[in-house]
Amino acid sequence: MSAPYILQLNQIEVIYDQVILAVKNVSLAVRQGSIVALLGANGAGKSTTLKAIAGLVRAEIGEVVQGRIYYQGLDITHAAAADLVNQGLVQVLEGRHCFPHLTVEENLYSGAFARKPRAVELNQALERIYHYFPRLLKLRKNQAGYTSGGEQQMVAIGRALMANPKLVLLDEPSMGLAPLMVEEIFQIVHQLNQEEKVSFLLSEQNATVALQYAHYGYIIENGRVAAEGETKVLSVRDDLQSLYLGL
Amino acid sequence: MDFFLEVLTGGLLAGVMYSLVAIGFVLIYKASGVFNFAQGAMVLFAALTFVSLWEHGIPFWGAFVMTLLSMLALAWGVERVVLRPLVNRPPITLFMATLGLSYVIEGLAQLLWGSQVHGLELGISDEPLEVGGMLVSQFDLFAAGVAGVLVLILSLLFNKTRIGITLRAVADDQLAALAVGIRLERIWMIVWAVAGFVGLVAGLLWGARLGVQFSLSLVVLKALPVLIIGGFTSVGGAIVGGLIIGASEKLAEIYLGPLIGGGIENWFPYVLALLFLLVRPSGIFGERAIERV
């Protein structure tokens, strides 16, 4: 693979509340059209890294104090989340974060409003989501808060796709889901990547499934990159398996 | 029986006046999860600005539009100075901020327009109208009509438009709203502006009823039981809550008052609200928190 990088992180450091160092010196890159996995234990700094990219750390009183983040060659280190969404960089938050009182369809709509689509475009975008997630079509009038965990993950991913993203940051998509549902979600990620060339940067604690679908992986430990490599290589390295991946 | 109906109708119509104030709370609570204690001060600010402009010889609609613009400016200022620095803080922090804000707005109103009491004559006759043998206040009927139109507009706004979906999304989950590219600052500004508009309408009607004076900001206190009964998140609930409060306080005053001494109108709504809190803490139409087990 020698596609250009869509995303590059250059030695970034993130501090919460001016004292808590959550990410120190993380560098990573995502090639256009690839799926990249961030692996590591709870609290390793995966979520913070993703939120730093999407411009969401500021909402949690965090700040990128060192390093630079480039998206499509542009410096986005301090860009606002809404501007990034408009440029095709969307994050699906850990724990799904659907709007519980909105219907499934309203949740999906909300994802598209940032790009101010006309009514026709909006409905086409909706059709596309139902094509990938047929299950959501049956639930479209239900309040999202009453759907199952897997369905909420679908709503959250579908909502992000409504923005027509080029790069999706997926934070712990398998969290709390049944194995079959995890498989289904990753299948759809794979399909979107293949058919629509959407790039993904996903964080996972479930290394088995992540290594199976991703092309490249980073192992994050204590806010640093501990190892990286093609997933084919990572998954057979004995030292990593016992130390980090629990395979 | 006729007397009973007359008291009931009078109470219901008076209740609509409470609803008007309560709707302003609901709007801001829905979109930002903030209980805006400053709503009463906004009602006062709007009424005082309007009446002062009008007394300076500016025609009715001119004064109305200018007041509306000043409410927009107020919304902009509140978003910039108070809300933006407090993004994602706990609701109690924001509540305390609005508590402080209410004094700032009252002070500002006083600074700009002085502290004397103004009369406000909207040109609606307060002659009672005879409807089917009952005497009904024309002014109350007018207020009820205004409230009805307001509710219709707001429910269309909330349920049928993109802005409405966005507002409800922000109310549900601010971080997720940020993540899908919603600009929170814009939404808050819109919502405070709409609440300012509702405050203006409430301020004119209440001002015409009580005179424009500083006790106007205390109508907030009567909106509280209305919100508890109707639910903090429903515009329709604010109306129903207002009707219940209005009707029950008047009926209680007439029929219960003589038994336990008069003047119960003033505290009866709060007792009723307490009872509701025991039975249905989220109010009749309030959204219940969705919890899955």
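Side chains are part of it too, since the values below use all heavy atoms of this structure and drop only hydrogens, waters and symmetry mates. Each chain gets a letter, A, B and so on, in the order its sequence line appears, and its residues count up from 1.
Looking only at heavy-atom pairs under 4.5 Å with chain B, the residue among A:L169, A:I61, A:V85 that has the most is A:V85. Between chain B and the residues A:R115, A:E106, A:R159, A:R96, the most heavy-atom pairs under 4.5 angstrom are made by A:E106.
Within 6.0 Å of CZ in B:F37 there are 12 or fewer heavy atoms belonging to other residues, nucleotides or ligands. Counting heavy atoms of neighbouring residues, nucleotides and ligands inside a 6.0 Å radius, atom CG of A:L180 does not exceed 12 of them. Under a cut-off of 6.0 angstrom, the local environment of OH in A:Y5 is sparse, with at most 12 non-hydrogen atoms contributed by other residues, nucleotides or ligands. For CD of A:Q18, the number of neighbouring non-hydrogen atoms (other residues, nucleotides, ligands) closer than 6.0 Å is 12 at most. Atom NZ of A:K197 is surrounded by more than 12 heavy atoms from other residues, nucleotides or ligands within 6.0 Å. By the neighbour-count criterion of 12 heavy atoms within 6.0 Å, atom CZ of B:R186 is sparsely surrounded, having that number or fewer from other residues, nucleotides or ligands. For A:F186, the CZ atom sits in a packed shell: over 12 heavy atoms of surrounding residues, nucleotides or ligands are nearer than 6.0 Å. Environment of CZ in B:F95: crowded, with over 12 heavy atoms of neighbouring residues, nucleotides or ligands closer than 6.0 Å.
Contact annotation for A:A59: both backbone and side-chain heavy atoms come within less than 4.5 Å of a heavy atom of chain B. With a 4.5 Å cut-off on non-hydrogen atoms, A:L102 touches chain B through its backbone and its side chain both. A:L122 touches chain B through its side chain: at least one heavy atom from C-beta onward sits under 4.5 Å away, while N, CA, C and O do not. At a 4.5 Å heavy-atom cutoff, A:L84 makes no contact with chain B through either its backbone or its side chain.
To the nearest 0.5 angstrom, A:H97 atom NE2 is 11.5 Å from B:L178 atom CG. The CZ atom of B:R183 sits 4.5 Å away from atom CG of A:D83, with the distance rounded to the nearest 0.5 Å.
The side-chain heavy atoms of B:L175 and A:E60, taken from C-beta on, include a pair separated by under 4.5 Å.
The two residues B:G181 and A:A114 make their nearest non-hydrogen contact at O-CB, 3.7 Å. The shortest non-hydrogen separation linking B:D172 to A:P100 is OD2-N, 3.0 Å.
Near-neighbour residues of residues 150-167 of chain B relative to chain A, defined by a heavy atom under 4.5 Å from a heavy atom of that chain, comprise B:R162, B:I165, B:T166.
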